[in-house]
There are 2 protein chains.
Amino acid sequence: MGTAKTSVNSQLDAAYQRVWGAIVSHRLLPGTRLKEDDLCESFDLSRGNVRKLLQQLAHHHLVTLIPNSGAFVAKPGREEAQEVFKTRRLVELEMVRELAQKCSPMDRQILEKHVEREHQAHSDGDNSLRIRLSGEFHLLIGALAKRPVLYQFLHEIISRASLIVALYQRSHSANGRSAGDRACCEHHDLIDAIAAHRIEQAVEIMDAHLTELQNQLDLDPPQEQQVDLKKVFA
Amino acid sequence: MGTAKTSVNSQLDAAYQRVWGAIVSHRLLPGTRLKEDDLCESFDLSRGNVRKLLQQLAHHHLVTLIPNSGAFVAKPGREEAQEVFKTRRLVELEMVRELAQKCSPMDRQILEKHVEREHQAHSDGDNSLRIRLSGEFHLLIGALAKRPVLYQFLHEIISRASLIVALYQRSHSANGRSAGDRACCEHHDLIDAIAAHRIEQAVEIMDAHLTELQNQLDLDPPQEQQVDLKKVFA
DNA sequence: CAACCTGTAATTGTTAACGATAATGCCGGT
DNA sequence: ACCGGCATTATCGTTAACAATTACAGGTTG
């Protein structure tokens with residue numbers, strides 16, 4: 001019966017989502033090796049399908065494929081990281097603009113329900129979940145904006161951004177609470193502005209929110225690799 | 001020696017570029033079937049590699065893979081087409097903004113050289129080449145803007161746009177000349193504005209240019225498929 | 001004549017075995 | 001004791017044969 005093929009495809013999709021979730025919630029850290037055989041066992045897939053999975057992830061820049069060496073979760077440099085955030089801003093502000101125009105009461109309800117879940121994860125101290133939900137909030141905005149083409153870009157860019165956060169965050173959990181609190185509040189304010197169709201205000205809030213996210217990162221020092229040894233030992 | 005693997009990879013890249021070129025220059029029309037074995041022969045690739053090629057193209061939305069049936073060059077609907085252009089505008093205006101800030105004299109030279117080639121293709125009556133060069137002009141702007149992350153989006157979106165033009169263009173070659181002429185002139189004006197760092201003017205020119213491109217398309221009628229037969233035969 | 005069923009051919013999907021490459025560890029030399 | 005070369009092993013990459021599915025053509029029947 002057709003069940004076999006369908007289940008294979010859904011298995012592959014499920015595997016993708018699980019790896020994706022592990023990466024964006026910082027349980028798979030940049031640089032981690034993804035051995036084919038291990039993935040075969042973990043998800044009960046044939047090697048060929050694992051290959052496809054890895055190529056999909058590679059195409060989304062979540063993993064890097066090094067020929068004859070293996071697959072590793074990606075480790076973007078600071079330059080790339082900065083441009084990802086720059087691009088994220090472009091895309092996400094457009095999404096907010098779009099949604100703020102045609103946000104229905106039901107949309108608002110969906111958004112508020114999500115923020116509630118965020119709050120709960122935060123109270124429960126489930127950091128991994130909180131991180132993922134925080135990212136998914138932004139994805140949700142994109143989904144409600146009904147811009148499928150742009151949404152795909154958004155999905156990729158937000159995933160990459162999550163990865164970058166794992167790499168370059170300051171204070172690995174020191175002020176995580178205050179930052180998380182602020183993010184939640186900002187999310188709430190943002191929903192208000194969107195639902196009230198106050199477009200420019202919504203855009204500004206999102207812009208500030210993204211700036212804040214970015215400021216928690218350690219992206220500035222391009223760390224000159226070519227240190228002048230002569231000067232050092234002079 | 002290592003030559004083998006390298007040549008295989010470059011062969012695959014070459015094949016991708018050839019298929020890409022054929023699609024964006026309207027020599028492979030939407031709906032065309034891409035049989036695996038044929039591609040194997042055409043590019044002297046193994047079936048596995050042809051598979052990879054097709055998946056890459058599918059990921060860029062240039063071909064659609066129908067399971068157990070085959071690969072076809074994509075045939076996006078009008079809605080998708082419109083959103084592609086909307087998104088293209090977002091991305092490309094950002095690129096122009098970026099390049100207009102840091103356009104060097106050498107950048108200007110490169111751009112002008114390209115427009116010259118466009119002109120020549122136009123004089124020679126090589127329509128297929130003219131179409132491709134016209135698209136590559138926009139890609140060139142993106143490349144010079146030095147935004148690698150955004151550039152990749154641009155590449156995909158422009159490719160999709162070229163495909164859409166093949167599907168929905170009005171007047172299949174009637175006023176093609178006047179349209180092409182205007183495009184060339186606009187390209188030239190755009191270069192002037194960019195090189196002079198007149199950012200907002202450059203953005204406006206590009207915006208108008210994109211509007212013009214879009215206006216040559218036949219995207220409006222969502223053609224209600226559910227015709228009321230009773231009314232028709234009343 | 002049209003619709004339907006059936007068997008064959010053509011095409012795609014999957015797997016498993018083989019070959020190539022890079023990482024690892026051992027050993028001998030200095 | 002440390003370093004460089006060599007063999008081994010583990011992993012990735014490729015291919016070719018097989019299985020599954022679909023499209024097509026011929027023939028049959030209402």
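Numbers restart at 1 for each chain; the letters A, B, ... are given by sequence-line order, proteins then strands.
Ionic pairing of A/R170 and A/D220 is present here: one or more N-O contacts between side-chain nitrogen and carboxylate oxygen are shorter than 4.0 angstrom. For A/E98 and A/K146, the salt-bridge test fails: no basic side-chain N is under 4.0 Å from an acidic carboxylate O. Using a 4.0 Å cut-off between charged nitrogen and carboxylate oxygen, A/E83 and B/R147 count as a salt-bridge pair. Taking a cutoff of 4.0 Å between a charged side-chain nitrogen and a carboxylate oxygen, A/E36 and A/R51 qualify as a salt bridge.
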Intermediate values then yes/no, side-chain contact (heavy atoms from CB on, under 4.5 Å), A/T32 and A/F72: CA-CA 5 Å; A/T32 306; A/F72 305 82; over 6 Å; no
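The stretch residues 52-64 of chain B has no heavy atom under 4.0 angstrom from DNA chain C at all.
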Would you tabulate the pairs of protein nitrogen or oxygen atoms and nucleotide nitrogen or oxygen atoms of nucleotides 15-19 of chain C closer than 3.5 angstrom?
{"unit_1": "C/dT15", "atom_1": "OP2", "unit_2": "A/S46", "atom_2": "OG", "d": "2.9"}

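Neither OP1 nor OP2 of C/dT12 sits under 4.0 Å from any side-chain N or O of B/R51.
Atom CD in B/E36 sits roughly 17 Å away from atom P in D/dT21 (whole-Å rounding).
Partner of B/E80 under the salt bridge (Lys or Arg N to Asp or Glu O under 4.0 Å) criterion, out of B/R160, B/K86, B/K75: B/R160 alone.
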Going by atom type alone, with no hydrogens or angles, which donor-acceptor pairs under 3.5 Å involve a side-chain atom of residues 14-21 of chain B and a protein atom two or more places apart or on another chain?
{"unit_1": "B/Y16", "atom_1": "OH", "unit_2": "B/H60", "atom_2": "NE2", "d": "3.4"}
{"unit_1": "B/W20", "atom_1": "NE1", "unit_2": "B/S159", "atom_2": "OG", "d": "2.8"}

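Not a single donor-acceptor pair under 3.5 Å links the side chain of A/E92 to the backbone N or O of A/M206.
With distances taken from any side-chain atom of A/N68 to the nucleotides D/dT21, D/dT14, C/dA22, the minimum falls on C/dA22.
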